[in-house]
Amino acid sequence: MDFHFTPQEEAFRQEVRSFLAEHLPPADDREPETLARWNRALAEKRWIGFSWPREEGGGGGTLIQQFILKEEMSKADAPPLGSDFMGLQWVGPALIRHGKEDQKRRFLPDILASRTLWCTGYSEPAVGSDLASLQTRAERDGEEYVLNGSKIWTSAAHHAKWIFLLCRTSPEKESRYHGITCLLVSMQSPGIEVQPILTLTGNHTFNQTFFNDVRVPVNNRLGQEGEGWKVVMGALANERSGISESTEMERELEALKQLARRSRSGGRPALEDPSVRSEIARFETWISAMRLNGMRYLTNQLRGGHPSSETSVNKLMRGRIEIPMMELATRLLGNGAQEGGSWQERALTFHGTVIGGGTPNIQRNIIAQRILGLPKD
Ligand SMILES: Cc1cc2nc3c(=O)[nH]c(=O)nc-3n(C[C@H](O)[C@H](O)[C@H](O)COP(=O)(O)OP(=O)(O)OC[C@H]3O[C@@H](n4cnc5c(N)ncnc54)[C@H](O)[C@@H]3O)c2cc1C
């Protein structure tokens, strides 16, 4: 296997570095106007949705170029590529793969321009890991579906304009994965109610979302009726791959190293303490393994495959190291850790990040059954 980048890819890396030198906003300025300016400059380069096909409004970049782009952005601690994380990471790719032409024309330009914000409606009060047991129902009434039920842990539903939603359109028959349909639902539809759920840190990121006789045009169905499971399997693989990008972890690790440089242990910088060095080295080794795994997914996609079960490996690895990384950070801060601040907030948030997109046990089940081919019972 050749781990080197081609001269063209290295030239692209230089192009990204030059762009950053010219356009990167200062680290302490993340005001909305600054971010809007940043997003406009990125959009001109077509670097938002860079690996989407040009005919879908993307940049037509290769997956390796996109990887380089994200790596350089992360090293520079740049703001995200576009502000609609869910739209860009899994709704857009699902539309490109399963959408009809008119659906692509309707939704993709707004996702690329961050004009819409998407949220995701999978989990329900009694249904999380076992997603195929979902109870939200849609019944066909002429050219509309009538949607009833409730979704929970709907991140960003209070800001979102659209929800990417799974519901049951016919009873479980021979397979419980059949009869589930994916609908694209406007959050402005009459009959939708969003109730906030506060997190451990007191922030409002989650919601419970209720659907009471919400009418959804049949034309907002993504994929065939009853075949939403196929749509969502690809979307979940993309979600897991987005959650566990090694570039994000490299950024966390760099911040942790800086913290260890600034902190004192036994009268010396903590980074000189052998036990701290050994912990950081362990994180670095895991993150390098995640990076190589990420390259493996990309290689598979370059050969014509789609993101699939293999993304569960990095999702699981992220869960394994992120909490110990935050524990080291709070230890380094010592009494300062009680004063609040971003490390403390992240230390409380990461337990949730480990669960979002599927718990570690569920990733282990996927790896065991779909990658290693182990029996189910
Ligand atoms: C930060 C965050 C963001 C989220 N955002 C969204 C969102 O935007 N939209 C959305 O729809 N949902 C969202 N969720 C919900 C998330 O997808 C679910 O919490 C997750 O899938 C687990 O479901 P659950 O909470 O019902 O737990 P359960 O499924 O009840 O699991 C409880 C425990 O049982 C274990 N378990 C369950 N089944 C098995 C099994 N078969 N084998 C082994 N162990 C098992 C689990 O690992 C876990 O430890 C979010 C969650 C978090 C934390």
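Read the numbers this way: they start at 1 and go in the same order the structure lists the ligands and their atoms.
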| request: Run the numbers for me: atoms of ligand 1, each under 4.0 Å from some heavy atom of Thr120, listed by number. | output: 7 (C), 8 (O), 9 (N), 10 (C), 11 (O)

| task | Select the closest option to atom 50 (C) of ligand 1 among Phe164, Tyr122, Trp153, Phe350, judged by heavy-atom distance. | result | Trp153

| query | Does a side chain donor of either Arg296 or Asn293 reach within less than 3.5 Å of an acceptor in the other side chain? | reply | yes

| field | Which segment of Asn365 sits under 4.0 Å of ligand 1 when only heavy atoms are counted | value | side chain

| request: Verify the contact flag for atom 12 (N) of ligand 1, where contact means a protein heavy atom under 4.0 Å away. | output: yes

| query | When you check the side-chain N and O atoms of Arg221 and Tyr145, is any donor under 3.5 Å from an acceptor? | reply | yes

| query | Hey, which atoms in ligand 1 end up nearer than 4.0 Å to a heavy atom of Gly352? | reply | 1 (C), 52 (C), 53 (C)

| Heavy atoms of the protein only: does one fall short of 4.0 Å from atom 43 (C) of ligand 1? | yes

| message | If only side-chain N and O atoms count, and only distance matters, is there a donor-acceptor pair under 3.5 Å linking Ser133 with Arg176? | response | yes

| field | Rounded distance (nearest 0.5 Å) linking atom CD of Glu9 with atom OG1 of Thr62 | value | 5.5 Å

| task | Could you pull out, from Ser129, Ala156, Pro125, the option with a heavy atom nearest to atom 28 (P) of ligand 1? | result | Ser129

| said: Which residue and atom name correspond to the protein heavy atom nearest atom 15 (C) of ligand 1, and how close is it? | reply: Ser123 OG, 3.2 Å

| task | Run the numbers for me: atoms of ligand 1, each under 4.0 Å from some heavy atom of Asn361, listed by number. | result | 43 (C), 44 (N), 47 (O)

| Any side-chain donor paired with an acceptor under 3.5 Å for Glu227 and Thr181? | no

| query | Checking salt bridge (charged side-chain N to carboxylate O under 4.0 Å, His left out) for the pair Arg346/Glu322: CA distance, chi angles, key distance, verdict? | reply | CA-CA 10 Å; Arg346 280 183 284 166; Glu322 196 151 42; over 6 Å; no

| Among Leu236, Ile355, Thr359, which one has a heavy atom closest to atom 48 (C) of ligand 1? | Thr359

| query | Between Ser114 and Asn39, do the side chains contain an N or O donor and an N or O acceptor separated by less than 3.5 Å? | reply | no

| said: To check your reading of the model: name the closest protein heavy atom to atom 52 (C) of ligand 1, its residue, and the distance in Å. | reply: Gly356 CA, 3.6 Å

| query | Identify the closest protein heavy atom to atom 23 (O) of ligand 1: which residue and atom is it, and at what distance? | reply | Gly128 CA, 3.2 Å

| query | Near Arg303 CZ, under 6.0 Å, is it more than 12 heavy atoms from other residues, nucleotides or ligands? | reply | no

| request: Please indicate, with yes or no, if any protein heavy atom is found under 4.0 Å from atom 4 (C) of ligand 1? | output: yes

| query | When you check the side-chain N and O atoms of Lys376 and Asn365, is any donor under 3.5 Å from an acceptor? | reply | no

| query | Identify the closest protein heavy atom to atom 39 (C) of ligand 1: which residue and atom is it, and at what distance? | reply | Ile362 CD1, 3.7 Å

